[in-house]
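Data first, discussion second: the structure below is written as structure tokens.
Every number for a ligand or one of its atoms is a count from 1 in the order of the listing. These numbers come from a predicted model, not from an experiment.
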Amino acid sequence: MLLVQRVVLNSRPGTDGEPVPGHFRVEEAIVGPFLKEGQVLVRTLFLSVDPYMRCRMNEDTGAEYLAPWGLSECVDGGGVGVVELSRCDGLSVDDMVTSFNWHWQTQCLMDEKLLQKVEPQLVDGHISYFLGAVGMPGLTALLGVREKGHVTDGANQTMVVSGAAGACGSVAGQIGRVDGCTRVVGICGSDEKCRVLVEDLGFSAAVNYRQGDVATALKESCPNGVDVYFDNVGGPISDAVIAQMNNDGHVILCGQISQYNKDVPYPPPLCDETREALKSKNITRERFTVLNYMEKHEAGIIQLSQWVREGQIKVGGNLRQIIQRCWRR
Ligand SMILES: NC(=O)C1=CN([C@@H]2O[C@H](COP(=O)(O)OP(=O)(O)OC[C@H]3O[C@@H](n4cnc5c(N)ncnc54)[C@H](OP(=O)(O)O)[C@@H]3O)[C@@H](O)[C@H]2O)C=CC1
Ligand SMILES: CCCCCC(=O)/C=C/[C@H]1[C@H](O)CC(=O)[C@@H]1CCCCCCC(=O)O
């Protein structure tokens, strides 16, 4: 038997409340004693804190593919770790593995069918990348741009990305550049993040939405209007971008993080002006969900890891809120 530490949901913030640390608590638990056939014991190395988790804190998540976290139950999400004991044919001790349903627990017993093996050499040993640029957020950026963005090399397109310094946005903007957009402009929440986007990640310009008027700053950085918008945030920032979009443009409806603490359905309703702008300018705005493209994930991971190794896509390491605490035995 093993004594482990785990994080459980202590209380719910309510559908329109801000999450705070007190909604969680850390407690000790016992794992084992027996490993069943088809199970492994894994040690947690990295956990990912993602926006959709806010929805899992509600009793009703508002999305059919998201189950609510139970009160006093161990929370779960994306994680990576190492196999310490195995009763599976497909996994051996020391294999690195990942899962969407990783318990926030120092060590846990997991069924093989919930795990995918990962190859550390794909990311030069930076296995936390499997939760970011070479994981679900990177795939969201790649497949979001490719499936819904209509980016065409040589078409002189301007792309705007909101939530641009986040895990999905930072990769989406770089893919826009790789795929041939002439300008890629990021929107984020600090001058330091703006600097990183332009100087380190190769964005053409960046706008700090917490300083000054977003519409004015966008006019300056997008003199030819906006053709493709990778929308991570929704709300007034997205209204300002859509107002400056060109005819026949495309919105990639990836997420609406600015609305997750509100009691609204997903996707949240648009204001009349934005609805009218989309219609009159013939702009597409299709909902994108990375889980609907499972058959493209393997090739996507290979492509993303290659770009990262070659330096074409830079990983915004300090921009991502991955819990980088190594839990030791
Ligand atoms: N459709 C899909 O399949 C998927 C969708 N998503 C969605 O993509 C979006 C980005 O996710 P991800 O990159 O992983 O998240 P991250 O946590 O890495 O980044 C999110 C960023 O959003 C910004 N933000 C937070 N609140 C607000 C607000 N009120 N207004 C404006 N910006 C805000 C913050 O940056 P700053 O401080 O710079 O404002 C924050 O760092 C989310 O909406 C998420 O739900 C994610 C994965 C899959
Ligand atoms: C109503 C909330 C919409 C939030 C949009 C968003 O961030 C979606 C994220 C998912 C994306 O499609 C792929 C993912 O990995 C995210 C969800 C992961 C679901 C894991 C399953 C967890 C469970 O058992 O409920």
Side-chain angles (χ1 to χ4, degrees), residues 16 18-19 46-58 61-66 77-78 100 128-149 160-175 185-198 201 203 206-211 214 218 229-241 251-262 264 266-268 285-294 296-297 300 304 315-324:
D16 51 4
E18 292 262 334
F46 297 95
L47 296 169
S48 185
V49 180
D50 292 275
Y52 73 84
M53 291 176 166
R54 172 63 187 84
C55 308
R56 297 194 69 189
M57 294 177 81
N58 295 338
T61 63
E64 66 288 347
Y65 60 86
L66 290 179
F100 276 142
S128 68
Y129 290 7
F130 288 121
L131 300 180
V134 187
M136 186 273 283
L139 286 171
T140 302
L142 175 65
L143 297 172
V145 170
R146 294 268 169 97
E147 298 291 328
K148 305 288 184 190
V160 168
V161 181
S162 57
C168 296
S170 58
V171 178
Q174 295 183 78
I175 292 171
V185 175
I187 304 177
C188 61
S190 78
D191 288 344
E192 174 60 4
K193 289 183 181 182
C194 287
R195 189 195 63 69
V196 171
L197 290 182
V198 175
L201 307 190
F203 281 59
V207 170
N208 176 355
Y209 68 86
R210 290 201 171 95
Q211 214 150 62
V214 172
L218 270 179
Y229 174 39
F230 196 101
D231 187 3
N232 282 316
V233 307
I237 292 174
S238 295
D239 295 334
V241 178
V251 178
I252 302 154
L253 177 48
C254 177
Q256 304 277 280
I257 194 172
S258 74
Q259 309 297 301
Y260 293 172
N261 289 332
K262 296 182 183 164
V264 290
Y266 187 86
R285 181 177 177 267
E286 290 173 9
R287 190 168 167 180
F288 169 78
T289 305
V290 70
L291 295 177
N292 289 345
Y293 299 89
M294 294 303 272
K296 298 194 174 177
H297 285 198
L304 290 160
V315 178
N318 61 342
L319 298 173
R320 178 85 177 122
Q321 294 170 355
I322 289 174
I323 298 179
Q324 294 213 331

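Under a 3.5 Å cut-off, the side chain of Asn232 and the backbone N or O of Ser162 do form a donor-acceptor pair. In this structure, His297 contributes its side chain and Met136 its backbone to no donor-acceptor pair below 3.5 Å. Between the side chain of Thr61 and the backbone N or O of Ala63, at least one donor-acceptor pair lies under 3.5 Å. Panel note: side chain Ser190, backbone Lys193; a donor-acceptor pair is recorded below 3.5 Å. Remark: the backbone N or O of Val241 is not paired with any side-chain donor or acceptor of Asp239 at under 3.5 angstrom. Between the side chain of Arg285 and the backbone N or O of Val251, no donor-acceptor pair lies under 3.5 Å.
Smallest separation of non-hydrogen atoms from Ala172 and Val145: O-CG2, 4.0 Å. Closest approach of Ala141 to Cys168, counting heavy atoms only: CB-O, 3.5 Å.
The closest approach between a heavy atom of Gln259 and any atom of ligand 1 is not below 4.0 Å. Residue contacts with ligand 1 include Cys254, since one of its heavy atoms falls under 4.0 Å from the ligand.
Any N or O atom pair closer than 3.5 Å counts here, and Lys193 shares at least one such pair with ligand 1. Residue Phe288 has at least one N or O atom closer than 3.5 Å to an N or O atom of ligand 1. Below 3.5 Å of separation, one finds an N or O of Cys168 facing an N or O of ligand 1. Annotation: Gly189 places an N or O atom under 3.5 Å from an N or O atom of ligand 1; distance criterion only. Remark: ligand 1 and Asn232 share an N or O pair separated by less than 3.5 Å (distance only, no angle test). Where the criterion is an N or O separation shorter than 3.5 Å, residue side chain and backbone included, Ala167 meets it with respect to ligand 1.
With a heavy-atom cut-off of 4.0 Å, Ile237 touches ligand 1 through its side chain alone. Here Arg287 has no heavy atoms under 4.0 Å from ligand 1, in either its backbone or its side chain. Only the side chain of Thr140 comes within 4.0 Å of ligand 1, judged by heavy-atom distances. Using a 4.0 Å cut-off between heavy atoms, Pro51 contacts ligand 1 through its side chain alone, with no backbone atom that close. Using a 4.0 Å cut-off between heavy atoms, Val290 contacts ligand 1 through both its backbone and its side chain.
Close contacts between ligand 1 and Ser258 involve ligand atoms 28 (C), 29 (N), 30 (N) [criterion: under 4.0 Å to a heavy atom]. Close contacts between ligand 1 and Gln256 involve ligand atoms 43 (O) [criterion: under 4.0 Å to a heavy atom]. Near Cys188, meaning under 4.0 Å from any of its heavy atoms, are these atoms of ligand 1: 38 (O). Heavy-atom proximity to Ile257, at under 4.0 Å, picks out these atoms of ligand 1: 20 (C), 22 (O), 24 (N), 25 (C), 26 (N), 27 (C), 33 (C), 43 (O). Interface atoms of ligand 1 facing Gly255, defined by a heavy-atom separation under 4.0 Å, are 7 (C), 43 (O). Under a 4.0 Å criterion applied to the non-hydrogen atoms of Thr289, ligand 1 contributes the atoms 1 (N), 3 (O). Taking a cut-off of under 4.0 Å to the non-hydrogen atoms of Met136, the atoms of ligand 1 that pass are 47 (C), 48 (C). Set against the non-hydrogen atoms of Gly166, the atoms of ligand 1 under 4.0 Å away are 13 (O), 18 (O), 19 (O).
Taking the side-chain hydrogen bond (donor to acceptor under 3.5 Å, both in side chains) definition, one finds that Asn261 meets it with Arg54, sequence neighbours left out. Evaluation of the side-chain hydrogen bond (donor to acceptor under 3.5 Å, both in side chains) rule for Gln211 yields no partner, not counting sequence neighbours.
Expressed to the nearest 0.5 Å, how far CZ of Arg287 lies from CG of Asn292 amounts to 9.0 Å.
Of the N and O atoms on the side chains of Tyr52 and Asp50, not one donor lies less than 3.5 Å from an acceptor on the other residue.
Ring-centre distance between Phe288 and Tyr293: below the 6.0 Å cut-off.
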